[in-house]
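Here the structure comes first, spelled out in structure tokens, and everything after it is commentary.
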Number of protein chains: 2
Amino acid sequence: MLSKKTKYGIKALTFLARREDQTPVQIAEIAKSENISIKFLESILLLLRHSGFLGAKKGKGGGYYLIKDPKEINMAKVYRILEGPIALLPCASHNFYEPCDDCTDEATCAVRKLMMEVRDNTLRILENNSLADIAF
Amino acid sequence: MLSKKTKYGIKALTFLARREDQTPVQIAEIAKSENISIKFLESILLLLRHSGFLGAKKGKGGGYYLIKDPKEINMAKVYRILEGPIALLPCASHNFYEPCDDCTDEATCAVRKLMMEVRDNTLRILENNSLADIAF
DNA sequence: CTTTAATCTAGTAAACCGATAGGGTAATAG
DNA sequence: CTATTACCCTATCGGTTTACTAGATTAAAG
């Protein structure tokens, strides 16, 4: 199940992508529009800024804004930043690989085999979708 | 991420499917072979029995055994029993549908749109895989 | 009938994680 | 200088997962 963090993060990105101009938007405005707790959204937007998706401006007239063109924002990258690994098991992950401590032989592990197939397909979908694809 | 419950459950099913005869196997034997806590595994096997995948025999010479042919065991069903919904969001689920309380319009929700696509593909993979497919 | 071996059941504790709130700091515009 | 807004750190509450403990129940074997 997707965490609320990821859900809210994508919603906020979508909200920004759908705006006509790219002037800064206050956290409170996004929070109100999307029914998200301001404080929680604050931490999410901060993370998205540190990850290079958003820019921020402090003080009067400040707020958050998209740095890149929505067409250039890859949903697989967004997912990894917000949610973490795309794979359902650490041993089936590319970017977050870790061996299972209970497995004796990874090569014959049926769970891993199945979950690798699921991961490959999920990854393909996320990589083929940009923010622009899902926002419009 | 997959819970250990699901991981252990599938591992146990695989272990049983790979056996040549279908005589009962004690919990302890499965637990030892797959490095799983006996008591935790016990609760998982019980669940799988109540769901119609396993049979159990009490007393001396007892244990658990597969009821159906591994070819007839659909991994989507197994997944739903052990892990729950296949969809990453309740609003994108067939069997466990629930509307989001923060969403004003489901039709224009970009997160839902993306997660429905992911779900469709994950579901297709799980349904196309039987226990026999992943065990051998 | 008695013993033994196994499943079944209930309760609970520890650990972890998600979500949120509070409060103070820093930068910016007017 | 003052108001506004993002930034950052800490703590808490609640739920879920994982795991363990202790006993009850059932069935086979001798």
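Below, chains carry the letters A, B, ... as their sequence lines are ordered, and counting in each starts from 1.
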inquiry  = Quick check: on DNA chain C, is the nucleotide nearest A:G61 upstream (toward 5') of the one nearest A:T6, or the reverse? Name the residue that is more 5'.
reply    = A:T6

ask   = Just how far, in rounded Å, is P of D:dC20 from CD of B:E42?
value = 12 Å

query = Under 4.0 Å between a side-chain N or O of A:H50 and OP1 or OP2 of D:dC8?
reply = yes

ask   = Atom OH of B:Y65 and atom P of D:dA27: how far apart are they, to the nearest Å?
value = 12 Å

message = What's the closest nucleotide to the side chain of A:K58 if the choices are D:dA27, C:dA19, C:dT28?
response = C:dT28

request  = State which of D:dA19, C:dA26, C:dC8 makes the closest approach to the side chain of B:A56.
outcome  = C:dC8

Candidates D:dT18, D:dC20, D:dA6 - which lies nearest the side chain of B:S37 = D:dC20

query = Would a distance-only check, ignoring hydrogens and angles, find a side-chain to backbone donor-acceptor pair under 3.5 Å from A:S33 to A:E29?
reply = no

ask   = Of all the nucleotides listed (D:dT26, D:dT18, C:dA19), which has the minimum atom distance to the side chain of A:F40?
value = C:dA19

ask   = Considering heavy-atom distances to DNA chain C, does B:V25 or A:G59 have its closest nucleotide positioned more toward the 5' end?
value = B:V25

note = The reported gap from OG1 in B:T122 to OH in B:Y79 (rounded to nearest 0.5 angstrom) is 7.5 Å

inquiry  = Rounding to an integer number of Å, can you tell me how far A:K57 NZ sits from C:dG30 C1'?
reply    = 12 Å

inquiry  = Counting only side-chain heavy atoms from C-beta out, which of C:dA29, D:dA22, D:dA19 sits nearest to B:K39?
reply    = D:dA22

request  = Give the nucleotide from the list C:dT7, C:dT9, D:dA6 with an atom nearest to the side chain of B:Y64.
outcome  = C:dT7

task = Take B:K60 and B:S3, find for each the nucleotide of DNA chain D with the closest heavy atom, and name the residue whose nucleotide sits nearer the 5' end.
result = B:S3

query = Rounded to whole angstrom units, what separation is found between the CG atom of A:L48 and the P atom of D:dA6?
reply = 14 Å

request  = Classify the side-chain pair B:T108/B:R112 by whether it contains a donor and acceptor separated by less than 3.5 Å.
outcome  = no

ask   = To the nearest Å, how far apart are B:I38 CD1 and C:dA6 C1'?
value = 12 Å

key: Nearest-Å distance for atom pair NZ/C1', residues B:K5 and D:dT17   = 9 Å

request  = Return the value, rounded to whole Å, for the distance between atom CD1 of B:I44 and atom C1' of C:dT9.
outcome  = 16 Å

query = Can you list the steps and then say if A:L123 with A:R80 is a side chain to side chain contact (heavy atoms under 4.5 Å, CB included)?
reply = CA-CA 10 Å; A:L123 183 57; A:R80 286 204 181 96; 3.3 Å; yes

task = Scan side-chain atoms only and decide if A:S130 and A:E72 contain a donor-acceptor pair under the 3.5 Å cut-off.
result = no

key: Rounded distance (Å) that lies between atom P of D:dT17 and atom CD of B:E83   = 8 Å

query = With a 4.0 Å cut-off on heavy atoms, is B:I27 in touch with a base, just the backbone sugar-phosphate, or nothing at all?
reply = sugar-phosphate

